[in-house]
Structure formats: structure tokens, C-alpha cells
There are 2 protein chains.
Amino acid sequence: MTAPAKPLRRDAVRNREQILQAATTAFAERGANVDVRKIARAAGVGMGTLYRHFATKDHLLGAVIKRDIDAWMDEALQAAQESAPWAGLETFLETALARQIADRALMDGVFRVLASTSLLDECRSRMSEVVNLLLDRAHRAGELRPDVGEADIALTMMSIGKIVELTEDARPGLWRRQLRITLDGLRAAGHTPITEPPLTIADLDAAVCHSLPKLENS
Amino acid sequence: MTAPAKPLRRDAVRNREQILQAATTAFAERGANVDVRKIARAAGVGMGTLYRHFATKDHLLGAVIKRDIDAWMDEALQAAQESAPWAGLETFLETALARQIADRALMDGVFRVLASTSLLDECRSRMSEVVNLLLDRAHRAGELRPDVGEADIALTMMSIGKIVELTEDARPGLWRRQLRITLDGLRAAGHTPITEPPLTIADLDAAVCHSLPKLENS
DNA sequence: AGTGAACCGGAGCACATGCTCCGTTAAAAA
DNA sequence: TTTTTAACGGAGCATGTGCTCCGGTTCACT
């Protein structure tokens with residue numbers, strides 16, 4: 001889009017990359033609540049430099065998260081195509097949550113991606129694509145209850161993500177218990193119908209957006 | 001315990017109650033993150049007064065939460081005895097989460113109760129009592145999968161509580177979809193065994209305690 | 001090399017928020 | 001009524017944190 005803006009000076013390019021690098025590490029280790037100063041220091045850069053490259057902490061987070069999600073989706077799409085319908089869904093959720101452990105800011109970031117239609121649309125549609133592929137196959141195989149959609153998968157990731165956040169440090173892997181239970185709940189066999197109306201991803205965006213700070217352009 | 005300490009002055013008694021009242025309202029409406037100043041102002045009291053009665057914001061939260069949980073447990077125990085095994089469990093979870101809507105600080109408070117062995121032991125054991133009663137009955141009726149325990153119910157409340165937090169303002173009741181799915185996952189019929197080791201409530205205390213600020217005496 | 005624009009760094013601002021200090025007030029005992 | 005002292009209130013401290021400002025520096029073009 002904004003390709004022919006202007007070539008950056010060499011030091012600017014280098015610094016931008018160092019900031020991104022440091023931010024990636026910092027967000028992964030400490031979550032989205034790291035002090036911006038820590039990131040700047042780790043990048044060997046001043047606050048001014050950081051804020052010239054990224055208008056806002058959230059913009060920086062967005063940039064980092066975008067990379068992460070891209071990598072995640074590449075991996076997920078490939079895994080999805082290589083596995084059976086139900087196993088694919090299981091693996092997807094498991095991978096998503098395992099990633100949350102390695103990168104404490106990921107789920108926060110994903111929430112913001114979902115909450116923001118203005119940024120990272122591309123990521124969002126890739127995620128939708130992968131999730132819907134998995135859902136379609138599981139539905140067609142008759143293994144997934146018919147009354148769940150994309151938004152329910154997102155909600156599942158969010159809710160179990162909370163358990164990861166709370167217990168992972170002291171009881172690694174505890175979240176897997178909850179995941180097993182939830183996966184059984186997602187099975188078609190013996191499910192009881194959901195009476196509450198379903199939700200599109202766009203609706204979920206709007207809903208989550210309501211309670212989360214918004215993220216804007218790069 | 002500390003009953004015959006010393007009779008409080010009349011204005012002190014009145015102020016203490018006013019603080020508790022204001023705090024209850026404030027925590028319910030805004031969650032545990034309200035500014036202490038707001039509470040003091042709403043109580044018509046100075047900061048000094050507030051902090052003489054409650055050594056810490058968390059002590060105040062603890063006092064408020066204790067009342068809430070007591071009332072909740074009274075209600076839950078009665079409801080449990082009046083309903084069928086499975087319905088009782090369903091109702092319990094539904095009530096717990098509905099309460100979280102009316103009182104935004106409740107789940108935060110519950111987490112801290114769980115995380116703190118030093119305060120509110122009484123509440124904790126009452127909760128355990130009620131939850132175990134529900135689980136026992138549902139297990140005996142063969143409706144609840146045998147590999148879940150008290151701690152899994154706590155985790156369920158925590159995880160779906162996250163959805164309440166995120167979506168309730170914009171999409172009231174959306175959390176019920178996730179609850180339905182999870183409840184189906186808790187059913188004995190057609191469950192797949194959980195391979196991850198189970199957890200006692202004490203273990204969960206320790207785990208959650210790890211990631212949450214601790215709460216101390218009265 | 002010389003010059004100007006682009007870029008850098010970090011002190012400092014603005015704001016939020018938990019908590020304390022201490023001069024003042026008023027309840028209750030004498 | 002006087003005196004004692006528990007209780008009061010709110011300005012202010014300490015800390016954390018997102019972000020800005022501006023004097024100095026460095027790159028890149030001539």
C-alpha cells in the first residue's frame with residue numbers, strides 16, 4: 001500500500017529491526033505489559049527512536065503479533081492438511097495454547113487482532129480461513145457438533161488461555177485437562193443443542209473490541 | 001477470635017460500615033480495579049479512615065468478597081439440595097457466572113480466595129463443601145465423567161469467567177454458549193479419558209497463588 | 001569536505017494509583 | 001465542663017508507565 005513512501009536511512013532500518021527483535025523477546029517473556037523503556041533499552045535505542053518507528057505501544061505489539069500469527073498460520077495450515085478432521089481440530093487448539101506459553105503476549109495480541117478491523121485484516125482472514133477449513137472438515141466428518149462455528153473456537157482459545165495465564169508457571173500443562181473436557185464438549189456424539197444464538201466473527205470482533213483498547217494502522 | 005479487643009467509637013463503627021457499603025457497590029460495578037479514592041469519596045470518608053479500617057486494598061476486597069461468597073454459598077447449597085444431580089451442577093455453574101456479571105470483582109475475589117490459605121479459609125471450605133456435594137451426587141448418578149474433580153470446576157469457572165469479562169457488555173449471555181459446550185464435555189456419556197494428572201484444590205491454590213497478589217488477614 | 005535533513009536519545013511530563021503522615025476534630029471519660 | 005485520646009481527612013509521597021520534546025548526532029547527497 002504505502003510502498004513508495006521513502007527509503008529509510010540505514011541506521012533507521014537497523015534500529016527498527018532491533019526494536020522489533022527486542023519487542024518480540026520482551027512480549028514473549030513478560031506478556032503485553034512490559035514497560036516500553038525495557039524494550040527500548042534492550043534494543044539499544046532511545047524512547048524517541050522507538051516512538052518514531054511505532055506511534056504507540058499497541059502499534060509495536062501489532063507489528064510483533066502480525067509476524068507471530070503469520071508463522072502460526074503457516075504451520076497450522078500445513079498441519080491441518082496433513083491430519084484427519086478431528087485430529088486436526090485438536091492439534092490446532094493444542095498448538096494455539098502451547099504457543100501462548102512460549103509467547104505470553106500472543107493471546108492478548110490475538111484478542112486485539114480480533115477486536116480490530118482496521119489492522120491486521122490479513123491475519124484475521126488467514127485465521128478465519130484455517131479455522132473454517134478445520135471446522136468444515138470436522139463437520140463433514142460428522143465428528144463436530146453442528147451448532148458451533150468459528151467464533152466458538154475463538155472463545156475456546158480465549159477461555160482456556162486464561163487458565164494458561166493463571167496456572168502455567170506453577171503447574172505446566174494443567175490447561176490440557178480443561179482442553180480435553182472442552183474438546184469432548186465439542187464432539188457431535190451425544191451433544192445437547194445450544195439454545196443461545198450463534199455469533200459471527202464480525203460480531204465477536206465488535207464485542208471484544210468493546211472491552212479492549214483498539215489497535216490502529218502500522 | 002479477636003472479639004474482646006476494644007469497643008469501637010460510634011463514628012468509627014458507622015464509617016466502617018459505610019466504607020464496606022461503598023466498596024461493595026464500587027467493586028461490583030467496576031471490578032477490583034477501582035481507585036481507592038473513589039471508594040473513600042463514595043463512603044464520605046477520608047483515605048486515612050479507610051486505611052485505618054482496612055490495612056490494604058486487598059483486605060477491603062477480602063471483606064467485601066467474604067460477604068458475597070457467604071451469600072452465594074447459602075443460595076447454592078439450598079439450590080443444590082432442591083435439584084437433581086446433573087441439574088444441580090448446571091445451575092451452580094450458571095449461577096456462579098451470572099453472579100460474576102452482577103459483581104465484576106467476584107471472580108477476581110474468588111481467585112484470591114483460592115489463592116490465599118491465610119484468609120477466608122472458612123469461605124473456601126464452604127465452597128469446597130458445596131462443590132463436592134454437587135460432584136458426589138453427579139458422580140453417583142453416573143452423569144458426570146469420573147475423571148473430574150473440584151479443581152476442574154474451579155478452572156471451568158475461571159475460564160468461562162474470562163469470556164464474561166470480555167463479551168458481557170456487548171453481547172450479554174454469550175458466555176452461555178461456551179458453558180453449554182463445557183457442560184457437554186463434563187458429561188460421563190462418551191467422554192474420552194483425560195491423560196493429564198488431576199489436581200487437588202490445595203494444588204490449585206498454590207498454582208494460582210503464584211500468579212496473583214496475596215491477600216492476608218482481616 | 002560541507003551541509004541540511006533525517007534521525008537519535010533520554011530526561012521529563014502527565015497521569016494513575018496504592019498508601020502514609022500529621023495537624024485537626026469530636027467522642028467519651030473525668 | 002474540661003481533658004484525653006481515638007478517630008478523622010486529605011494533601012502529598014512513591015512508584016509505575018505511556019508518551020513527548022528538543023538539543024545533539026549521523027547519514028547521504030552534492
Side-chain angles (χ1 to χ4, degrees), chain A residues 2 4-23 26-27 29-64 105 108-109 112 212-218, chain B residues 2 4-23 26-27 29-64 105 108-109 112 212-218:
Chain A
T2 51
K6 200 149 196 190
L8 249 53
R9 239 168 63 175
R10 219 178 14 241
D11 54 346
V13 174
R14 193 202 52 204
N15 279 332
R16 190 188 167 88
E17 188 53 35
Q18 277 173 345
I19 292 167
L20 232 30
Q21 209 86 37
F27 285 140
E29 285 174 357
R30 312 251 188 222
N33 292 324
V34 270
D35 191 331
V36 193
R37 264 162 279 251
K38 273 199 166 60
I39 297 176
R41 214 175 312 133
V45 141
M47 294 294 291
T49 304
L50 193 153
Y51 274 95
R52 198 164 328 93
H53 285 292
F54 303 94
T56 261
K57 187 185 177 182
D58 275 355
H59 286 82
L60 176 56
L61 179 60
V64 170
D108 262 20
R112 291 176 196 229
L212 236 43
K214 194 145 164 216
L215 204 60
E216 281 168 33
N217 281 315
S218 151
Chain B
T2 52
K6 200 149 193 188
L8 248 53
R9 238 168 63 175
R10 223 182 5 249
D11 55 346
V13 174
R14 193 202 53 206
N15 279 331
R16 190 188 168 89
E17 188 52 36
Q18 277 173 346
I19 292 167
L20 233 30
Q21 209 86 35
F27 285 139
E29 285 174 356
R30 313 252 187 221
N33 293 325
V34 269
D35 191 330
V36 193
R37 265 162 279 252
K38 273 200 168 57
I39 297 176
R41 213 176 310 131
V45 139
M47 293 294 290
T49 304
L50 194 155
Y51 274 95
R52 199 165 323 96
H53 285 291
F54 302 94
T56 262
K57 188 187 178 183
D58 275 355
H59 287 82
L60 176 56
L61 180 61
V64 170
D108 261 20
R112 292 177 196 230
L212 235 43
K214 193 144 167 220
L215 202 60
E216 282 170 31
N217 281 314
S218 151

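Proteins come first, then strands; the chains are lettered A, B, ... in the order of their sequence lines, and each starts at number 1. The shown structure was predicted, so the numbers you read here are calculated from the model rather than taken from an experiment.
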Least distance between heavy atoms, [X] atom then [Y] atom:
X: Val34(B); Y: Ala26(B); value: CG1-O, 3.8 Å
X: Ala32(A); Y: Ala105(A); value: N-CB, 3.8 Å
X: Leu60(A); Y: Phe27(A); value: CG-CE1, 4.2 Å
X: Ala63(A); Y: Phe54(A); value: CB-CE2, 3.9 Å
X: Val45(B); Y: Leu50(B); value: CG1-N, 4.0 Å

Any His53(B) side-chain nitrogen or oxygen under 4.0 Å from OP1 or OP2 of dC8(D) |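 So the side-chain polar atoms of His53(B) do come within 4.0 Å of the phosphate oxygens OP1 or OP2 of dC8(D), strictly under.
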How would you give the extent of chain B contacts on DNA chain C, as first and last nucleotide 5' to 3' within a 4.0 Å heavy-atom cut-off?
->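 Both ends considered, the range comes out as dT17(C) to dA28(C).
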Please round to 10 degrees the angle between the axis of the first five pairs and the axis of the last five pairs in the helix from dA1(C)-dT30(D) to dA30(C)-dT1(D).
->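 About 0° separates the two local helix axes.
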How far does [atom1] of [X] sit from [atom2] of [Y], to the nearest 0.5 angstrom?
X: Thr49(A); Y: Met47(A); atom1: OG1; atom2: CE; result: 10.0 Å
X: Gln21(B); Y: Glu17(B); atom1: CD; atom2: CD; result: 5.0 Å
X: Ile39(A); Y: Lys57(A); atom1: CD1; atom2: NZ; result: 6.5 Å
X: Leu20(B); Y: Asn15(B); atom1: CG; atom2: CG; result: 12.0 Å

Would you tabulate the nitrogen or oxygen pairs shorter than 3.5 Å linking the protein to nucleotides 27-30 of chain D?
from, atom 1, to, atom 2, distance (Å)
dA28(D), OP1, Arg10(A), N, 2.9
dA28(D), OP2, Arg10(A), NH2, 3.2

Report the distance from atom CD1 of Ile19(B) to atom P of dG10(D), rounded to the nearest whole Å.
->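 Atom-to-atom, Ile19(B) to dG10(D), this comes out as 13 Å.
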Set of residues satisfying side chain to side chain contact (heavy atoms under 4.5 Å, CB included) with respect to Arg41(A), sequence neighbours excluded =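 Side chain to side chain contact (heavy atoms under 4.5 Å, CB included) check on Arg41(A) returns Arg37(A).
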Sorted by number, the residues of residues 42-52 of chain B with heavy-atom contact under 4.0 Å to DNA chain D |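 Contacting residues: Gly44(B), Val45(B), Gly46(B), Met47(B), Gly48(B), Thr49(B), Arg52(B).
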Might you list the N or O atoms of the protein lying below 3.5 Å from N or O atoms in nucleotides 13-17 of chain D, with each pair's distance?
none

Heavy-atom count around Arg14(B) CZ within 6.0 Å, excluding the residue itself: above 12?
->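 Check passes, neighbour count above 12.
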